[in-house]
There are 2 protein chains.
Amino acid sequence: MPGIAEVRSFNRVVTREIGALADRFLGRDRSLGASRLLFEIGPAGSEIRRLRARLGLDSGYASRLLRGLEAEGLIRSFASTSDARVRLVTLTPAGRKELAVLNRLSDEAAASLLNRLTGSQRTSLISAMHTVERLLLASAVRLHLENPRSRAAQSCIARYFEELAARFEAGFDPTLSIPVAAEELTPPRGCFILATLHGEPVGCGALRCHAACGEIKRMWVAPSARGLGIGRRILQRLEELARRRRIPLLRLETNKALSEAQALYRSSGYREVSPFNDEPYAHHWFQKRLRTRGR
Amino acid sequence: MPGIAEVRSFNRVVTREIGALADRFLGRDRSLGASRLLFEIGPAGSEIRRLRARLGLDSGYASRLLRGLEAEGLIRSFASTSDARVRLVTLTPAGRKELAVLNRLSDEAAASLLNRLTGSQRTSLISAMHTVERLLLASAVRLHLENPRSRAAQSCIARYFEELAARFEAGFDPTLSIPVAAEELTPPRGCFILATLHGEPVGCGALRCHAACGEIKRMWVAPSARGLGIGRRILQRLEELARRRRIPLLRLETNKALSEAQALYRSSGYREVSPFNDEPYAHHWFQKRLRTRGR
DNA sequence: CAAAGTCTCTGACTATGGTCAGAGAATGCC
DNA sequence: GGCATTCTCTGACCATAGTCAGAGACTTTG
């Protein structure tokens, strides 16, 4: 495959140069792990289990690092009021100050890198970095079948509904929309695809199967993860699942406010058709005929 | 400064994603340090001091890692014939085999990253990676004043002459060219600038000062480091040094085969003039008037 | 030829990052 | 209410990465 050598060369160079930058904030008398933790806690505080998940830390190791920061007087920890097993940590004023210092050092390291370049080199570096970053994230996104009742699925659906409420002219009240029961999105009656980035849900999409057609529902991508082609990947996966079930036709409806969704559907081969249901929040109805040959 | 946030965000994402890729070749029962060393030794073998310099290792640490690899039967080490203090290491057949395995694993990791992208995403990722890599390297290049007699300077000059010999129609014999003594490139009579990338010399340039003008000599950039703007930086540094000495005019001559050098001179404000010396290898003579105001 | 410097190796030491098993408290599920 | 699960913490442990001082062999320089 072309590109492998380029990727490897990139890896070598970047680990070396970025490593050199990262060294800068050693020199505070704190380990890299503790500094990363301080960054991850952030000004707003966080649950410990969330920190562990995001940094991929062993529970014992995380606990020790946190106790170290607590001994330094940088953080405070206390039990969550809603679930006393979960502990929360927040920065103390001293912790906020230290985080500000780390941020300043990081800024300076980045600036010193940029300073060694000419203006046009700087511009192209920044834009290329942005591209690499987005595409690396895109390649780290995983799709998997999920039970629509799971916590992750429910949180996606909730955020999806929130967004609909904010974007639809008339707001959005799920009870007025055509209902979709969880069982209808669970095999064998349908399926629910969850997209995750480092374990965090960043998008979803569902398929409800009828005798003669399938319906695409719950297509949503988190705002932070847009532009990575996740929506298209979810849609393709759902279509593949529909093909395996020998469903010949896919249908979906959408609101006029969701212009990027319409663009996705159109560019994925969906054609607008006359309304096939009386969904009160829909303005556009689409369908796509599937080739059910092959597996 | 604009771009700092982008650089920092890039660093976060890249260390995470590339780190995940690098984990793949743990799983051989060998430390990352030892694997890196194996890569760095390469099929052709290497001097130990060179390995240390390139990987930035402490001599004790390097020695221990090498003994580990030797105990595994992957490398062999022996004293250099030209300087018995220096030790050389080469891969044994088993070492070559192991390096091939590591290369395959790295290739697979890179391929799996690319495989998760669409064709057009892949193309833009590779081109953006290439840009980032080149520009990070460019920003890692350092210029410093060097004694032209030093080993590093001499090796640059030797490689420069080799290249001239290869590229000039008539070949190149330094003894036929106008001689330049090392003292003429040493303060106070002149200066020699060396460009290094991670400690390795990758380019040079020199200034020879006369009463009324300065001469630019020995402008060279290693083939592996071209396209990073190093030549331009060296030239600018030499001009700055000339300005400080209140030299009003810079001159240089060059061969017609060195087209990229001519492009650099022209775009840096040098104008072609009639021959001011009888350098047998020159086809073009340039000069640039300096503004000697300022410090 | 002596002194200074280079290169490698050894031994002693340290911090960091990380794993594992288990305990205790709280919670959710039947 | 009982049981499995979740979450955190503790103690014991380990490998890796790295530092430092010094010794020995060799080379360059004056």
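Letters A, B, ... mirror the listed sequences (proteins, then strands); counts begin at 1.
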| said: Parallel, tilted or perpendicular, judged at 30° and 60°: which one describes the rings of B:Phe10 and A:Phe10? | reply: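 It falls in the perpendicular class, over 60°.
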| query | Are B:Arg159 and B:Ser155 close enough that a side-chain donor and a side-chain acceptor fall under 3.5 Å? | reply |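 The criterion, which ignores hydrogens and geometry beyond distance, is not satisfied for B:Ser155 and B:Arg159.
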| Would you say the side-chain atoms of B:Ser77 and B:Arg87 include a donor-acceptor pair closer than 3.5 Å? |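 Note: B:Ser77 and B:Arg87 side chains meet the donor-acceptor criterion.
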| A:Arg50 atom CZ, neighbour heavy-atom count above 12 within 6.0 Å |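 Not more than 12 within 6.0 Å, no.
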Nearest whole Å is fine: how far is [N] [atom2] from [X] [atom1]?
| X | N | atom1 | atom2 | answer |
| --- | --- | --- | --- | --- |
| B:Asp58 | D:dG18 | CG | P | 10 Å |
| A:Leu57 | D:dT8 | CG | P | 12 Å |
| A:Leu37 | D:dT8 | CG | P | 12 Å |
| B:Arg64 | D:dT16 | CZ | P | 13 Å |
| B:Leu32 | C:dT16 | CG | C1' | 15 Å |
| A:Arg151 | D:dC7 | CZ | P | 7 Å |
| A:Leu65 | C:dT19 | CG | C1' | 14 Å |
| B:Tyr61 | C:dT10 | OH | C1' | 16 Å |

| Net bend of the helix from C:dC1-D:dG30 to C:dC30-D:dG1, end axes of five pairs each, nearest 10 degrees |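 Roughly 30°, once rounded to the nearest ten degrees.
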Any side-chain N or O of [X] under 4.0 Å from OP1/OP2 of [N]?
| X | N | value |
| --- | --- | --- |
| B:Arg49 | C:dC7 | yes |
| B:Arg67 | C:dT10 | yes |
| B:Arg87 | C:dC9 | yes |

| Under 3.5 Å donor-acceptor, B:Ser63 side chain and B:Ser59 backbone |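 The answer is no, because no donor-acceptor pair under 3.5 Å joins these two groups.
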| Would you say the side-chain atoms of A:Ser9 pair up with the backbone N or O of A:Glu6, donor to acceptor, closer than 3.5 Å? |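 Here the side-chain-to-backbone pair does not exist.
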| message | For D:dT16, does the base pair up with any side-chain atom of B:Arg36 as donor and acceptor (N or O, under 3.5 Å, distance only)? | response |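 No, the side chain and the base share no sub-3.5 Å donor-acceptor pair.
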| If you find the nucleotide of DNA chain C closest to B:Gly60 and the one closest to B:Val86, which residue's nucleotide is nearer the 5' end? |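 In this pair, the answer is B:Val86.
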| Which residue, B:Leu91, B:Leu74, B:Ile48, forms the side-chain contact (heavy atoms from CB on, under 4.5 Å) with B:Ile41? |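 Exactly one option meets the side-chain contact (heavy atoms from CB on, under 4.5 Å) with B:Ile41, and it is B:Leu91.
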| Only one of B:Leu238, B:Ile193, B:Leu185 clears side-chain contact (heavy atoms from CB on, under 4.5 Å) with B:Leu207; which? |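 Result for side-chain contact (heavy atoms from CB on, under 4.5 Å) with B:Leu207: B:Leu238.
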| query | What nucleotide, of C:dT8, D:dA17, D:dT8, holds the atom closest to the side chain of B:Ser31? | reply |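 Nearest to the side-chain atoms of B:Ser31, counting from C-beta on, is D:dA17.
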| Any side-chain heavy atom of A:Phe192 sitting closer than 4.5 Å to one from A:Asn147? |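 SC-SC contact between A:Phe192 and A:Asn147 ruled out.
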Short heteroatom pairs, N/O only, protein and nucleotides 24-30 of chain C, under 3.5 Å:
unit_1: C:dT27; atom_1: OP1; unit_2: A:Ala84; atom_2: N; d: 3.0

